[in-house]
Amino acid sequence: MELDIRNLTKTFGSTAALHGVDLKVASGELLALLGPSGSGKTTLLRCVAGLEIPSGGQILFGGEDASFKSVQERQIGFVFQHYALFKHLTIADNISYGLRVRPRRTRPSAAAISDRVEELLALIQLPGYGGRYPSQLSGGQRQRVALARALAVEPRVLLLDEPFGALDAKVRKELRLWLREFHDRTGHTTLFVTHDQEEALDLADRVVVMSNGKIEQEGTPEDVYDRPATPFVFDFIGESVRLDIRVDKGRPFVGQQEVSIPRLPPLLVDGPAKLYVRPEHVAFRRDGEGLWATVVSLHRSGSSRRIGFRADGTDAVIEALTPADREPPRIGDRAALEIRAAGLFAN
Amino acid sequence: MSDGSIAAAVSLDEATSTGGAAARPAQRRLPTEEAPWVRRLLIGLAVGFLGLFLLLPLITVFMEAFRKGGGAFLAAFADPAAIDAILLTLMVAAIAVPANLVFGISAAWAIAKFDFRGKAFLVTLIDLPFSVSPVVAGLVYVLLYASHGLLGGLVQSAGIQVIFALPGIIMATIFVTFPFIARELIPLMEELGDTDEEAALTLGASGWRMFWTVTLPNVKWALLYGVLLCNARAMGEFGAVSVVSGHIRGYTNTMPLHIEILYNEYQFVAAFAVASLLAALALVTLGIKSWLEHRYAGDLAAGHRH
């Protein structure tokens, strides 16, 4: 089922949470809504679910306008950050809840319901857990049960709100891989909200970066990481340092030195500008051509080492990343920097 | 620890120990822990106070009731007026408690799940019966519903007698007992939030279905706890009921009022016999309440216990 969100707005009192969002989600796609808290990503998800009423715009499910449909009529599956399992019901009763609350005409028989529960328990790799209660399960298991419960009603769209947000780092990673594989097998159109860029880049077919109720960029994980479209995306995704530079006749200058950066989009307006550089795109040599700078900081983090360089004649510090086992330079050493890629934005 | 502070601790210990024996090694105490004598004093005070003001009177009730033996005790319940008082009390509780159950759930729901103007005022209003003297509440009902009262003419023309009759007693009881259930549910429902309800809705449940299968089971123990407290108070209420009932024997006398009349007529054994029944009911309520607290501590509102 494809989704089409058109010019969606939502205001809470006098503050706007969504400013005219347009988004198309292809059938079977796994799409991440990524942004910091307050960016409107959860509001967008809840509007699609029907848990929030949009102030304007349209939401189409498979070409059919669902804007005025109730939550129940939309037939979505929703997974909450804190699982929201019914703690007084067994795992089996939780999973079958959506089937058991159906009106008698459309409700499957008891035997069919229990078959469906078994099938789903097998799918989430928790066979034999039907008789337990949510409190007897770990966080990761609970979230899988929540997913099974959402899938039991055969939803047209699956919506996940920070599904791994309440889990610890290791379980998060495992469950992330599991969800990707699960999605490849079941093929539900899935929207999930996260503030964790690694999760979004790892898991999604397409990433939608949001900030302040607007979409900053949408594209494949490669697009948003390698070709950030706005300063916000550069800042938010991956690591980068921001340099205040000057553009003169289309050429970028850091202090008095001109820097040559391959494939830099031309900036037509001369004057002050912002250059975003990722540490992994900076290489340094002891001699030769490049942006001359002095080593001002060294910082070991895990398997890599971060080296800070101050460009000559400026306060700008550019960071480079090298493997930790390579002999590092010393503070005060001089080096020529080569910037292999960067983003350039007018002030 | 430096030498100086050890010395200080030892000397403090010596000063407080009664024996004044040879210097013992200093007992290390947590900074938040009181000295043993302070602890003993406080515990002694609390126990003594409770014994004197609560336990002793309670024991006296039962002792007085059985002063002239079991026969005299049972004779108190052979009096038709006593039977009528017990039945009336049960009837009042049977109407007031369900009324407050419905009211308590709706008020808690409204306060926990919605934001609206005047919410803080509503919360304060729910607490009103805790702070207003029951006698005042009774008087207000008399003023409103007596034949010359504001609404008295209205209810009288409808053929309903409120004051000195069952409706008045029930209304006064509802007034004094209405915070119990609502107060129990509000903190719990606020803490639970509404994601469980949202989950039920996304799974296709109707609002009604969601309430019965998700909301109610989530709060059932707190609800039962509130009902018990409400029931105990409904059966024992004296002040407000006394004002509106008119003490018509066999007609508007509840158990507490009946006890007072017997006592004023110097029928001490009968008075204490009925009082012991009322006290026994209270003790049973207390027992069930403690068991609930013990058994379902986690499910009861975390905000105001533990």
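Everything quoted here is computed from the prediction, not taken from an experiment. Chain A is the first sequence line, chain B the second, and so forth, proteins listed ahead of strands; every chain is numbered from 1. These values consider heavy atoms only, across backbone and side chains, with no hydrogens, waters or symmetry-generated copies.
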Can you name the closest pair of heavy atoms from [X] and [Y] and give their distance?
| X | Y | answer |
| --- | --- | --- |
| B/Thr195 | A/Ala84 | O-CB, 4.0 Å |
| B/Asp196 | A/Phe86 | O-CE2, 3.3 Å |
| A/Phe78 | B/Thr202 | CB-CG2, 3.7 Å |

- Query: Can you say whether A/Leu85 sits under 4.5 Å from chain B via the side chain, the backbone, both, or neither, judging by heavy atoms?
  - Reply: backbone
- Query: What residues of residues 103-119 of chain B sit under 4.5 Å from chain A when you count only heavy atoms?
  - Reply: none
- Task: Give a yes or no on this: more than 12 heavy atoms of other residues, nucleotides or ligands lie within 6.0 Å of atom CG of A/Asp4.
- Result: yes
Is there any residue in [range] with a non-hydrogen atom under 4.5 Å from a non-hydrogen atom of chain B, and which ones are they?
| range | answer |
| --- | --- |
| residues 92-107 of chain A | A/Tyr97, A/Gly98, A/Arg100, A/Val101 |
| residues 130-158 of chain A | A/Arg149, A/Ala150, A/Val153 |
| residues 41-65 of chain A | A/Arg46, A/Leu51 |

- Task: Mark yes or no for whether A/His88, through its side chain, and B/Val214, through its backbone, hold a donor-acceptor pair below 3.5 Å.
- Result: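 Absent.
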